[in-house]
Student: 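The structure that follows is given in the form of structure tokens.
Atoms within a ligand are numbered from 1 in the order they appear, just like the ligands themselves.
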Amino acid sequence: MAIRYYSTNRNLDQVPGITPFKKYVTFREALLQGQAPDEGLFMPEPIPSLDLARVMALKGRPYAEAAKMVAHTYLKEEIGEEVLDRIVEDAYNFTVPLEKVTGRKYIMRLDQGPTASFKDFAARLMARLMSALRDRGQTLHVLVATSGDTGSAVGDAFRGVEGIGVTILYPREEVSGRQKKQLDSIGGNVQAISVDGKFDDCQNLVKEAFADSDLAGLNLTSANSINFGRIMPQMIYYVYAYAQLAEPGEDIVFSVPSGNFGDALGCEYARRMGLPVARLVMPVNENEEFSRYLETGVYRKISPSIACLSNAMNVGHPSNLARFFDLYGGTVDRTGIVHAYPDREEMKRRIYSVSITDEETKETIRRVYETYGVLLEPHGAVGWKGLESYLETNPGDRLCVCLETAHPAKFPDEIEELLKIVPQLPSSMQGIDDRQGEAIRLPSDYRSLKEYLLGRR
Ligand SMILES: *Cc1c(COP(=O)(O)O)cnc(C)c1O
């Protein structure tokens with residue numbers, strides 16, 4: 001049966017201001033539209049199944065083989081296998097180390113891509129899928145606002161991709177020197193714009209551009225984290241890790257440091273596709289709205305969000321929570337209002353979540369390095385500490401994999417302060433401080449952005 005995509009808001013008939021989108025769309029439409037017209041998130045139906053024998057046959061095989069298998073289950077109706085295989089091989093030209101920590105416990109390092117964060121995995125495949133699935137001869141224009149890592153992963157992923165131009169807006173005073181370097185120097189079809197304003201100003205400029213019919217000829221599209229095209233690639237590394245490490249018939253625990261829940265959602269889908277995941281551990285930092293919900297049954301977003309060391313997880317209302325609620329029979333909207341609660345008991349059987357403080361994060365970085373010689377940065381440390389917390393109530397030497405989502409060299413100050421060592425830059429990031437490239441400076445004013453975009457066409 002062909003996979004189609006529905007909106008998480010499809011049942012909100014009685015809610016003022018929402019006109020539920022009740023149709024189904026294809027992967028291509030979900031990818032190019034980003035979100036449903038009712039501001040809900042697209043969900044696949046039915047969820048396809050994996051053949052576990054074929055998964056086990058991936059043992060010892062390159063990552064791209066796992067990626068082909070998963071991508072093919074979602075896309076076989078929409079892209080020919082040869083084309084898809086070429087896209088996948090081009091996207092995944094780096095390694096995915098599985099590092100043993102102790103016993104049956106591993107760290108999976110998702111930091112070997114060009115911008116050294118796990119966001120490379122999703123952005124690189126999505127960029128190539130957009131290029132392949134656009135109308136023949138059509139040029140798309142990706143417009144994104146960023147406060148840091150997402151922008152560089154997305155910008156780098158689209159570099160040189162045919163038929164797509166990219167404009168990245170960032171707040172001049174709110175990105176670090178190294179982040180600015182990364183954004184400004186991508187080059188080619190990717191242009192950075194440094195805005196005199198805050199991240200929210202950048203986001204508002206982008207929203208205004210999407211609503212402006214004068215720009216219809218530009219084929220503007222977004223590449224943000226709620227796009228299903230960024231979720232599907234995040235299922236692959238769970239399948240890959242299981243195939244490399246599991247004995248036949250064994251089950252596995254994954255720990256996924258979580259912010260907007262897109263990464264963990266990849267694991268949730270992988271389980272629903274048949275991967276034997278015993279429990280999905282979703283540690284969060286001090287933004288504990290989800291762990292508190294599992295405990296109390298009441299969901300309340302945290303606004304404004306709390307600034308923690310694991311800064312990519314400073315999220316007070318995870319954008320992909322709507323998908324988790326939907327999968328367990330509930331509905332929550334973009335603003336954080338719960339219209340129907342999900343089956344919390346079932347959720348707790350499958351998911352374990354815990355809030356990790358900054359103090360615990362630092363203690364974990366220090367202790368894991370001293371005890372096992374394994375280097376973690378703050379996001380991975382939240383993941384590891386969350387796994388330890390889970391194992392306190394669920395002891396045993398079962399197979400566990402904790403995801404490390406960024407390279408420690410992206411946090412040189414924290415690592416040096418805690419461990420008195422300076423982490424080596426990964427090869428992808430060496431020479432970053434010498435790269436050339438200038439951002440275009442714009443005031444925080446829509447007319448200037450519009451003029452720029454029309455001129456770029
Ligand atoms: C984005 C990000 C996360 C959080 O991932 P979500 O999919 O938003 O839960 C964790 N770690 C790093 C380094 C990130 O960049």
Student: Taking side chain as C-beta onward, heavy atoms only, is Ile356 less than 4.5 Å from Val284?
Tutor: no
Student: Is the distance between the ring centroids of Tyr5 and Phe21 under 6.0 Å?
Tutor: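 No, they do not, as the ring centres are separated by 6.0 Å or more.
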Student: So if I count the atoms of ligand 1 from 1 in the order they appear, which ones are less than 4.0 Å from some heavy atom of Ala406?
Tutor: 13 (C)
Student: Tell me whether Arg230 contacts the main-chain N or O of Ala223 through its side chain, where contact means a donor paired with an acceptor under 3.5 Å.
Tutor: yes
Student: Can you pull out the closest protein heavy atom to atom 7 (O) of ligand 1? Residue, atom name and distance to 0.1 Å, please.
Tutor: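 Answer, as residue, atom name and distance: Asp263 N, 2.9 Å.
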Student: Can you list the ligand 1 atoms lying under 4.0 Å from a non-hydrogen atom of Gly262?
Tutor: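 Counting from 1, the qualifying ligand atoms are 6 (P), 7 (O), 9 (O).
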Student: Applying side-chain hydrogen bond (donor to acceptor under 3.5 Å, both in side chains) between His141 and each of Thr221, Thr167, Asn189, report the one that passes.
Tutor: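 Running side-chain hydrogen bond (donor to acceptor under 3.5 Å, both in side chains) over Thr221, Thr167, Asn189 with His141 returns exactly one hit, Thr167.
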Student: Purely on distance, is any nitrogen or oxygen of Gly259 under 3.5 Å from one on ligand 1?
Tutor: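 N/O-N/O distance below 3.5 Å exists for this pair.
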Student: Examine Phe118 against ligand 1 and note whether any of their N/O atoms are separated by less than 3.5 Å.
Tutor: no
Student: So, is Asn260 polar-close to ligand 1, with some N/O to N/O distance under 3.5 Å?
Tutor: yes
Student: Judging by distance only, is a nitrogen or oxygen of Lys119 under 3.5 angstrom from one on ligand 1?
Tutor: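 Right, the criterion is met.
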Student: When you measure from atom 10 (C) of ligand 1 to every protein heavy atom, which one gives the shortest distance, and what is it?
Tutor: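 I find the closest protein heavy atom is Thr405 OG1, 3.6 Å.
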Student: Which bit of Met313 is near ligand 1, meaning a heavy atom under 4.0 Å away: side chain, backbone, both or neither?
Tutor: side chain
Student: More than 12 non-hydrogen atoms from neighbouring residues, nucleotides or ligands closer than 6.0 Å to NZ on Lys198, yes or no?
Tutor: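 No - once you tally the heavy atoms of other residues, nucleotides and ligands closer than 6.0 Å, there are 12 at most.
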Student: Could you check whether atom CD of Glu345 has more than 12 heavy atoms from other residues, nucleotides or ligands sitting under 6.0 Å from it?
Tutor: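 Yes, CD of Glu345 has more than 12 neighbouring heavy atoms, counting only those of other groups under 6.0 Å.
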Student: Could you establish whether Ser258 and ligand 1 come within less than 4.0 Å of each other, counting only heavy atoms on the residue side?
Tutor: yes
Student: Is the closest side-chain heavy-atom distance between Phe118 and Glu404 below 4.5 Å?
Tutor: no
